[in-house]
Amino acid sequence: MIKAILIFNNHGKPRLSKFYEHYTEDTEQQIIRETFHLVSKRDENVCNFLEGGMLIGGSDNKLIYRHYATLYFVFCVDSSESELGILDLIQVFVETLDKCFENVCELDLIFHVDKVHNILAEMVMGGMVLETNMNEIITQVDAQNKMEKSEAGIAGAPARAVSAVKNMNLPEMPKNINIGDISIKVPNLPSFK
Amino acid sequence: MSPSVCLQEMIRVIRGARTQGEERGVIQRECAAIRAQFRQADSGGRSHNLAKLLYVHMLGYPAHFGQMECVRLIASSKYSEKRIGYLGAMMLLDEKQDASLLITNSIKNDLSHSSQHVQSLALCTLACMGSAEMCRDLAPEIERLLKASNSYIKKKAALCAVHIVRKIPELGEMFTPSAHSLLSEKNHGVLHGAVILITELCERNPDNLKQFRKSVPELVQIMKNLVTSGYSPEHNVAGISDPFLQVRILRLLRILGRNNDAASDAMNDLLAQVATNTDSSKTAGSAVLYETVLTIMDIRSESGLRVLAVNILGRFLLNNDRNIRYISMTSLQKIVQTDHTAVQRHRGTIVDCLKDQDASVKRRALELSLALVSAANIRSMMKELLLFLSTCPPELRSHAASGIFNAAERYAPSQRWHIDTILHVLVTAGGDVRDETVPNLIQLITAASELHCYTVHKLYRALISDIVQQSLVQVACWCIGEYGDLLLKGECEEITPMQVTEDDVLDALETVLQSHMSTPTSRGFALTAIMKLSTRITNNVDRIRSVVSIYGSCIDVELQQRAVEYNALFKKYDHMRYFTMSYCTVILEFGCRSRLSLVLGGRGLKAEHVSIIFDCKDNVYLYWFLLQSVQLQMKAPSGDLIPAQGCGTVTQTVLLSYTNKANLKMRVRLSYSSQGTACQDMVQIDSFPSPAWS
């Protein structure tokens with residue numbers, strides 16, 4: 001069973017926290033802090049498995065994590081899950097996010113945390129792996145978003161305008177510029193003659 | 001800020017805060033606005049407000065006032081509001097809140113909704129936070145949905161059923177027939193859910209095991225289709241067809257085949273096929289292979305297959321990828337008890353992994369190495385383990401130290417080796433060993449009488465080089481006090497000779513007494529040792545007397561008490577000092593992990609003196625001592641409460657008047673109360689060490 005899924009950045013700020021067992025709010029924050037503390041100490045070329053977290057369940061539990069650029073994706077699991085399988089699952093999760101957000105970066109996760117929850121809900125349910133096929137997940141998420149948009153009506157107009165601009169075929173240009181820990185997407189402004 | 005502003009705007013403002021205090025202020029203002037909005041019946045922007053609240057909750061701020069809003073939103077007819085309401089319910093509600101019961105009805109209605117997306121929201125929430133009552137109420141609905149025609153709903157219903165079975169195991173019977181029929185589905189998601197459900201049912205109830213063993217051929221067929229099918233882009237991960245499903249099925253086969261010959265036979269061929277044909281160059285293949293190996297080892301497989309499995313693990317162990325090496329050690333750990341000789345073959349590689357840079361790999365290697373220690377390899381393994389102890393990460397030290405002690409106790413080839421090993425550990429990691437180490441070591445040393453000379457020399461040298469490790473200091477002080485005359489004699493066969501004068505020894509002990517690194521317990525040991533030496537040395541008794549009298553006014557109460565008693569021995573009972581402080585310490589163990597040290601004296605006198613020093617782990621209140629068969633005069637004990645954790649002792653001197661020494665036996669009965677319960681213990685001493693009598 002998966003006990004918790006955490007995403008936080010290189011400084012420990014939580015970007016997503018999903019717990020599949022009940023803990024108090026204080027304990028949840030402590031778990032996030034402790035996990036960050038354990039995971040940030042690790043080198044780049046060591047294995048992706050960690051043991052020894054005291055708060056989240058003790059000796060049966062492991063932390064399986066992957067580090068992508070500025071984000072840590074951490075799954076806390078017990079011994080009934082296959083460690084290598086979870087590692088692949090993290091990869092599928094990130095690839096799905098990438099497809100849904102188009103070259104996902106940390107800012108996407110910050111500003112659209114509810115969407116990330118929706119995507120995750122199609123993959124993991126009640127602490128168990130639900131679906132691992134990326135296309136299937138994306139199909140469902142798209143259908144749900146369509147349902148939401150159709151309800152929005154007039155109030156959804158500004159949102160629709162924004163997404164229309166987003167879907168314009170802007171020529172490729174470095175979209176992510178790293179200034180410290182913030183990634184900014186630079187839109188391509190048309191040159192005025 | 002307008003309350004109906006969207007989530008993104010609020011996030012932007014929060015991120016703009018430059019300090020923690022500013023952030024807190026922004027969030028408090030936002031929460032106040034949201035709370036006001038919740039109180040109104042305002043229907044516009046409700047979902048935005050809850051979304052903002054959930055974001056704030058993730059950052060760690062209190063959000064409990066949103067619970068009722070979740071309930072309201074779930075009951076709404078709009079999909080967007082339901083969605084955020086259910087998400088809020090999963091994050092903010094749990095069994096202990098009453099609000100969770102209120103959503104049961106909404107969930108029930110939504111489970112029969114016309115839109116599959118609404119149904120899926122309800123299923124997801126129930127699986128995440130459904131309490132036992134909710135599960136009981138809604139189980140029939142879930143069972144109905146398991147037979148639905150929509151595979152999307154079926155797969156979610158299967159996992160929801162798993163959650164229900166976890167909460168209320170008796171309801172498992174309700175899902176058994178449907179679980180069985182789900183195995184004939186084509187959709188991989190549904191199959192996956194079905195396998196998890198069957199696994200859960202079998203783990204909960206052995207009757208289900210018998211029933212589902214009949215499905216083994218079906219499972220084997222599904223696996224075969226996965227393994228031999230051609231490239232299927234839908235389920236392909238790095239060349240393996242749906243490795244997640246394969247791993248699940250293999251795990252289920254393991255549970256079904258355990259302790260059952262018929263089921264194991266049915267899967268032998270399949271396991272051999274998977275083990276030989278799976279490409280393990282990528283993680284996906286390795287995951288399947290490693291699961292196959294664990295299954296082979298756990299069921300009643302043929303010996304040829306087992307050999308194949310252990311070889312695969314051995315190959316994994318040599319892989320460059322650290323993940324694979326970690327996994328292979330985890331699997332070897334699972335089979336080390338049952339297939340010990342097979343794992344022993346890989347001992348060399350495992351011991352090499354102790355030197356890996358990765359702390360996780362080191363941890364696995366330590367566990368395995370400790371499991372592989374045997375009488376045959378104890379010397380070489382201990383060398384490696386001691387080397388590991390000196391360089392290992394701090395979180396592993398105490399585990400390593402206790403593992404080394406256990407191994408040494410079980411397989412020590414000689415007493416001298418044993419003592420050397422314990423000393424080595426104390427020098428390297430004395431701060432991380434358990435409290436019983438000191439008395440255990442003292443007992444060991446006492447028992448090894450031929451080695452007293454060697455031991456005291458070694459300990460003396462350790463003491464003068466470093467007094468940081470308290471357990472080492474304590475043992476060393478005790479030893480020097482007890483066998484100081486051997487130390488002063490200077491020669492010892494097994495160790496290079498070193499001239500030690502009485503002044504040197506007293507200097508060393510006084511250093512311990514005065515150093516601020518020494519704990520009160522260590523100081524106690526040092527003072528007692530100095531006192532004991534007063535009978536073993538000739539020239540410096542005055543020095544000892546003055547040290548003891550100085551400590552008579554020490555701030556530490558325990559030390560002061562000891563010093564005053566010893567002072568009294570010097571002044572009033574000088575004729576007895578020799579006898580009280582002579583050697584022959586008999587250490588006896590009582591049930592409550594306490595130690596009774598009888599320090600016996602008696603050289604050439606009619607009266608034999610017994611000083612009982614009681615030293616133990618728990619708070620113990622002493623009532624009285626009873627000695628039989630001897631005329632006795634008991635002096636008042638120095639106290640009647642022994643504090644916990646070995647922080648203090650109680651001394652009671654007993655004068656025995658006894659003429660027929662040859663037949664002296666002593667029975668000591670101890671009545672005490674420990675942690676509120678009255679206890680009694682009895683110990684009999686049948687023979688006294690001979691130097692005590694002249």
Side-chain angles (χ1 to χ4, degrees), chain A residues 1 13-20 22-23 25-26 28-29 32 41-43 45-52 62 80 82-85 87-89 91-92 110-114 117-118 121-122 125-133 135-136 140 143-144 147-152 155 159 182, chain B residues 7-8 11 15 44 51 54-55 57-60 62-63 78-80 83-84 87 94-96 115 117 120 123-124 127-129 152 155-156 159-160 162-163 188-189 192-193 196 234-235 237 242-244 247 251 283-284 286-287 290-291 322-323 325-327 330 357-361 363 395:
Chain A
M1 180 181 159
K13 271 218 109 107
R15 297 302 178 208
L16 179 103
S17 66
K18 181 87 183 165
F19 290 88
Y20 293 100
H22 181 70
Y23 300 99
E25 287 171 358
D26 281 335
E28 285 185 2
Q29 290 299 311
I32 295 175
K41 277 195 300 194
R42 305 277 286 170
D43 264 335
N45 50 356
V46 297
C47 70
N48 298 90
F49 310 113
L50 251 185
E51 291 168 73
K62 289 198 178 82
S80 71
S82 160
E83 291 97 337
L84 293 175
L87 214 49
D88 270 338
L89 186 68
Q91 184 67 25
V92 172
I110 297 172
F111 282 98
H112 298 284
V113 65
D114 51 340
H117 269 289
N118 295 333
E122 291 302 317
M125 189 171 117
M128 295 164 279
V129 177
L130 174 68
E131 178 64 61
T132 55
N133 181 337
N135 292 328
E136 176 66 28
Q140 294 301 330
Q144 288 163 5
M147 257 191 91
E148 266 203 41
K149 277 200 200 102
S150 67
E151 276 179 356
I182 299 180
Chain B
L7 174 64
Q8 280 77 29
I11 297 179
R15 280 167 65 79
L54 294 179
Y55 180 81
H57 171 78
M58 178 181 75
L59 291 182
K78 288 174 74 174
Y79 177 71
S80 53
R83 201 184 203 187
I84 196 78
L87 180 61
D94 69 279
E95 319 190 332
K96 300 190 190 67
S115 159
H117 298 294
S120 94
L123 284 167
C124 191
C128 274
M129 47 77 69
Y152 177 65
K155 105 183 153 193
K156 292 208 171 188
L159 288 189
C160 206
V162 176
H163 177 82
H188 280 219
H192 192 141
I196 298 182
E234 256 190 32
H235 305 292
V237 178
D242 207 342
F244 299 97
V247 163
R251 216 170 256 254
T283 312
S286 304
Y290 139 74
E291 207 67 36
R322 278 207 174 87
N323 286 336
R325 262 187 282 161
Y326 175 94
I327 294 299
T330 315
Q357 301 167 336
D358 183 343
S360 296
V361 171
R363 187 189 285 262
E395 61 267 12

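Chain letters run A, B, ... following the sequence lines, proteins first, then strands; residues in each count from 1. Note that this is a predicted model, so its numbers are computed, not measured.
- Proximity to chain A (any heavy atom under 4.5 Å) is shown, for His57(B), by both the backbone and the side chain.
- Every residue was checked against the ring pair (Phe, Tyr, Trp, His ring centres under 6.0 Å) condition with His117(A), not counting sequence neighbours, and none meets it.
- Chain B forms more heavy-atom pairs under 4.5 Å with one residue of Lys18(A), Arg42(A), Glu28(A), Lys13(A) than with any other, namely Arg42(A).
- The part of Leu87(A) that comes within reach of chain B is its side chain, from C-beta onward, which places non-hydrogen atoms under 4.5 angstrom from that chain.
- For the atom pair OH of Tyr79(B) and CD of Glu151(A), the computed distance is 9.0 Å after rounding to the nearest 0.5 Å.
- The OG1 atom of Thr330(B) sits 7.0 Å away from atom CD of Glu51(A), with the distance rounded to the nearest 0.5 Å.
- Heavy-atom distances place both the backbone and the side chain of Gln140(A) under 4.5 Å from chain B.
- Of the possible donor and acceptor atoms, one in the side chain of Arg251(B) sits under 3.5 Å from a partner among the backbone N and O of Ser80(A).
- Tyr152(B) OH to Leu130(A) CG: the interatomic distance, rounded to the nearest 0.5 Å, is 7.5 Å.
- Residues satisfying the side-chain hydrogen bond (donor to acceptor under 3.5 Å, both in side chains) test with Asn323(B), not counting sequence neighbours, are Asn48(A).
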Check your understanding: Given the rule in the side-chain hydrogen bond (donor to acceptor under 3.5 Å, both in side chains) test, do Glu83(A) and Tyr290(B) qualify, once you have shown the distances and angles that lead to the verdict?
Key -> CA-CA 10 Å; Glu83(A) 291 97 337; Tyr290(B) 139 74; 2.9 Å; yes

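- Contact count against chain B (heavy-atom pairs under 4.5 Å) is highest for Asn45(A) among Asn45(A), Val113(A), Val92(A), Asn135(A).
- Ranked by heavy-atom pairs under 4.5 Å with chain B, the list His22(A), Gln144(A), Glu25(A) is led by Gln144(A).
- For the set Leu87(B), Ile84(B), Asp358(B), the count of heavy-atom pairs under 4.5 angstrom toward chain A peaks at Asp358(B).
- Put simply, the side chain of Gln29(A) gets close to the backbone of Met58(B): a donor and an acceptor are under 3.5 Å apart.
- The CG atom of Asn133(A) lies 12.5 Å from the NE2 atom of His192(B); values are rounded to the nearest 0.5 Å.
- Proximity to chain B is absent for every atom of Asp43(A), based on heavy atoms less than 4.5 angstrom apart.
- Note: Glu131(A) CD to Lys155(B) NZ = 3.5 Å, rounded to the nearest 0.5 Å.
- Of all heavy-atom pairs spanning Leu159(B) and Val129(A), the tightest one is CD1-O, 3.6 Å.
- Rounded to the nearest 0.5 angstrom, Asp114(A) CG and Arg83(B) CZ are separated by 8.0 Å.
- In this structure the side chain of Ile11(B) reaches within 4.5 angstrom of the side chain of Ile110(A), judged on heavy atoms.
- Taking all atoms of both residues into account, the shortest heavy-atom contact from Cys160(B) to Met125(A) is N-CE, 3.9 Å.
- Looking only at heavy-atom pairs under 4.5 Å with chain A, the residue among Ala359(B), Ser286(B), Pro243(B), Ser80(B) that has the most is Ser80(B).
- Side-chain atoms of Gln8(B) come within 3.5 Å of backbone N or O of Phe111(A) as a donor-acceptor pair.
- Of the listed residues Ala143(A), Cys47(A), Ser17(A), the one with more heavy-atom pairs under 4.5 angstrom with chain B than any other is Cys47(A).
- When all heavy atoms are compared, the tightest approach of Cys128(B) to Gly126(A) is SG-N, 3.7 Å.
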